[in-house]
Structures are given as structure tokens and as C-alpha cells.
Amino acid sequence: MGSDLKYEVAQNAYIKLVLHSLKHPTSAVNAILIGRVSASNDAVEVTDAVPLFHSQIGLLPQLEISLILIEEYFSAKGLNIVGYFHANERSDEYELGGVAKNIGDHICRYFPQAPILLLDNKKLEALKTSKDSGAIVQLYVRDAYKNWKLVQSDGSSRFSLKEPSANLVLLDYISSEKWNDIVDFDDHLDDISKDWLNPGLFN
């Protein structure tokens, strides 16, 4: 796998990430990306996402517990933890912060090609009017020196949404306030009857 590895995100995973961010608009939120390396070995396919936290997101004990549970569940299905998603606390924050980089580094110990997807707040704001089909996240990957670098999204073929209509579906969910149904690990730890797998979200 070379340095031009591609990353493709499935519609439901993408929508889950954005809805989680919308449910907690004044908090930083994060999520784990689930997937596999493609059969041709040139792409990481993100097939699902697990919303993690919306409070105290930098606490390692909770992160470790959640990663163990997530890995156990998905490895039985032939899938792995393949990356990390982060949305900043403030809508005018556009940089990848230290906490996000640290968690990304942690995940790279298990999956060295793991990317970080950062919610692009400008594009999220513009989504309702722009009708843009491009993803409203930015792709960060680690360089040879293990520093996180933004991969330019303009004209880049390294990152794509599997379904081109994902933003239209997302807008439908936003208009029906579907984010209220999202459950993350914080919710599950408060009330274990709440399922962090969100099995009924797209029913």
C-alpha cells in the first residue's frame, strides 16, 4: 500500500458522523471509523462508524474500553477499526487539535494507514444552500514523519463518498431532526439500555 492510498466512506457511516455532530453542536464530538482494506489493497473502505463521546473526549480509560468493545464486536464480522472522526467544539475552529491527533496516533498503532476525518464546519453551514455533493469532512493522514497532514480535498481523488447522493439523504435526515436518535458511548455509559450500535437509526 503506497502513500496514495484512497479512502472511501459509505453513506450510512458518513451520515452517522454528521448527525452525531449536530446532536451536540456546542461540544467536541468524536467517532471511530469501521471498515476494511479493499481487495485490490489500494483503498480503505469505511463501512460504518461508532459515535464515541460528546464530553471529556480526551479521557483515555473510556477510550480504551470503547475501543476494546468495538474491536471485539466488529472483528467477528471481518471488520476493523480503520480511522477516527472528530468535530471541534466551536464552529469557527478549523484546525485539527492536539486531542484529535493523539487519538489518531493511538489508532495508528493498530492500523497504521488510519486517517482522521475532521468535520468541515464551513461546508456544514453551507450544505443547505450549496447542494454540493462533496463530503463535508476534511481528510488528514500521517506523513513519513508521523505528522498529521491535510490532504487537499479540491480535486483530490484520495477521498470519496461511496454514494454520490449522500448529502441529499443527509439533508432529509437533518430536516426531520434525525440526530435526536443518535446514541454514542457517553449515552450508553449513562444508560446501558441505549445501544451504541444504533441498529434502528436508518429504519
Side-chain angles (χ1 to χ4, degrees), residues 7 9-35 46-59 62-63 66 70 81-104 107 114-140 148 150 153 159-163 165-190 194-198 200-202:
Y7 297 88
V9 181
Q11 177 173 290
N12 284 1
Y14 171 69
I15 289 173
K16 214 183 275 189
L17 297 172
V18 180
L19 290 181
H20 185 217
S21 308
L22 290 170
K23 185 175 182 180
H24 304 284
T26 58
S27 304
V29 303
N30 59 2
I32 293 298
L33 308 178
I34 305 296
V46 177
T47 59
D48 203 350
V50 178
L52 283 182
F53 307 114
H54 59 269
S55 66
Q56 309 286 318
I57 68 169
L59 291 180
Q62 277 106 309
L63 178 68
S66 62
I70 292 166
I81 293 172
V82 296
Y84 175 70
F85 168 83
H86 190 90
N88 286 322
E89 180 176 359
R90 297 201 332 264
S91 60
D92 59 350
E93 278 183 89
Y94 306 115
E95 299 294 316
L96 191 66
V99 169
K101 289 176 183 175
N102 289 343
I103 297 175
I107 291 169
I116 295 177
L117 300 183
L118 179 69
L119 183 69
D120 188 324
N121 288 311
K122 282 181 188 164
K123 286 187 178 174
L124 177 59
E125 280 296 310
L127 183 64
K128 290 170 188 162
T129 52
S130 70
K131 302 290 185 270
D132 188 353
S133 63
I136 55 172
V137 292
Q138 297 173 340
L139 172 68
Y140 285 81
W148 290 99
L150 174 63
S153 50
F159 179 76
S160 62
L161 294 172
K162 189 172 183 186
E163 293 87 354
S165 60
N167 279 344
L168 292 174
V169 179
L170 173 61
L171 282 169
D172 278 348
Y173 283 125
I174 290 173
S175 65
S176 63
E177 300 188 0
K178 188 73 171 173
W179 62 75
N180 289 313
D181 298 337
I182 281 275
V183 173
D184 64 14
F185 256 92
D186 268 338
D187 300 323
H188 174 72
L189 292 172
D190 287 340
K194 293 182 175 177
D195 190 342
W196 53 268
L197 288 165
N198 290 280
L201 186 66
F202 298 110

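Heavy-atom basis, side chains included; hydrogens, waters and symmetry copies ignored. Quick note: residue numbers are just sequence positions, from 1. Values in this document were obtained by computation on a predicted structure and should not be read as measured data.
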### Task
Say whether S55 and D186, considering side chains only, have a donor N or O and an acceptor N or O under 3.5 Å apart.
yes

Separation between CD1 (I116) and CG (L33), nearest 0.5 Å, reads 9.5 Å

Taking every heavy atom of P51 against every heavy atom of A31, the minimum-distance pair comes out as CA-CB, 3.8 Å

In terms of heavy-atom contacts, K162 and A10 come closest through CB-CA, 4.0 Å

Practice item. Check the pair D48, K16 against side-chain contact (heavy atoms from CB on, under 4.5 Å), reporting the backbone distance first and the verdict last. Key: CA-CA 8 Å; D48 203 350; K16 214 183 275 189; 2.8 Å; yes

| field | side-chain contact (heavy atoms from CB on, under 4.5 Å) assessment of L117 paired with Y7 | value | CA-CA 10 Å; L117 300 183; Y7 297 88; 6.0 Å; no

Output for pair (L19 CG, I174 CD1), nearest 0.5 Å, gives 7.0 Å

For Y14 and G134, the nearest pair of non-hydrogen atoms, with its separation, is OH-O, 4.2 Å

| query | Counting only heavy atoms not in K178, do more than 12 fall under 6.0 Å of its NZ? | reply | yes

| said: Would you say that L52 contacts I70 through its side chain, given a criterion of any heavy-atom pair below 4.5 Å between the two side chains? | reply: yes

Donor-acceptor pair, K23 side chain versus I182 backbone, under 3.5 Å?
yes

- request: State, without any angle test, whether Y84 and N30 hold a side-chain donor-acceptor pair at a distance under 3.5 Å.
  value: yes

Scanning both residues in full, the closest heavy-atom pair of G104 with W148 reads C-CZ2, 3.5 Å

**Q.** Plane angle bin for Y173 and F202 - parallel if under 30°, tilted between 30 and 60°, otherwise perpendicular
**A.** perpendicular

**OP:** Check whether any side-chain N or O of K194 sits under 3.5 Å from a backbone N or O of D187 as a donor-acceptor pair, and report yes or no.
**Re:** no

Separation between CG (L168) and CG (L127), nearest 0.5 Å, reads 9.0 Å

query: Under the 3.5 angstrom rule, does the side chain of N198 hit a backbone N or O of L201 as a donor-acceptor pair?
result: no

Original post:
Is the closest side-chain heavy-atom distance between S66 and F53 below 4.5 Å?
Top reply: yes

side-chain contact (heavy atoms from CB on, under 4.5 Å) between N121 and D92, intermediate numbers included
CA-CA 7 Å; N121 288 311; D92 59 350; over 6 Å; no

Rounding to 0.5 Å, atoms CZ (F85) and CG (L17) come to a distance of 5.0 Å

Practice problem: Check whether any side-chain heavy atom of Q62 lies under 4.5 Å from a side-chain heavy atom of F185, and answer yes or no. | Solution: no

Rounded to the nearest 0.5 Å, the CD atom of E95 sits from the CD atom of Q138 at a distance of 8.5 Å

CG (L22) and CD1 (I15) are apart, to the nearest 0.5 Å, by 11.5 Å

Open item on the list: Whether the Y94 and N88 side chains hold a donor-acceptor pair (N or O, under 3.5 Å, no angle test) is what I'd like checked.
Closed with: no

Go through the steps to decide whether V50 and I81 satisfy the test side-chain contact (heavy atoms from CB on, under 4.5 Å), and finish with yes or no. CA-CA 10 Å; V50 178; I81 293 172; over 6 Å; no

Taking every heavy atom of A114 against every heavy atom of G83, the minimum-distance pair comes out as CB-CA, 3.9 Å

Is it true that atom CD of E125 has more than 12 heavy atoms of other residues, nucleotides or ligands lying nearer than 6.0 Å? no

Q.
Taking the side chain as everything from C-beta on, heavy atoms only, tell me whether W179 gets closer than 4.5 Å to V18.
A. no

Nearest heavy-atom approach of T47 to G35 is OG1-CA, 3.7 Å

Subject >> Main-chain N/O of E163 paired to Q11 side chain as donor or acceptor, under 3.5 Å >> reply: no

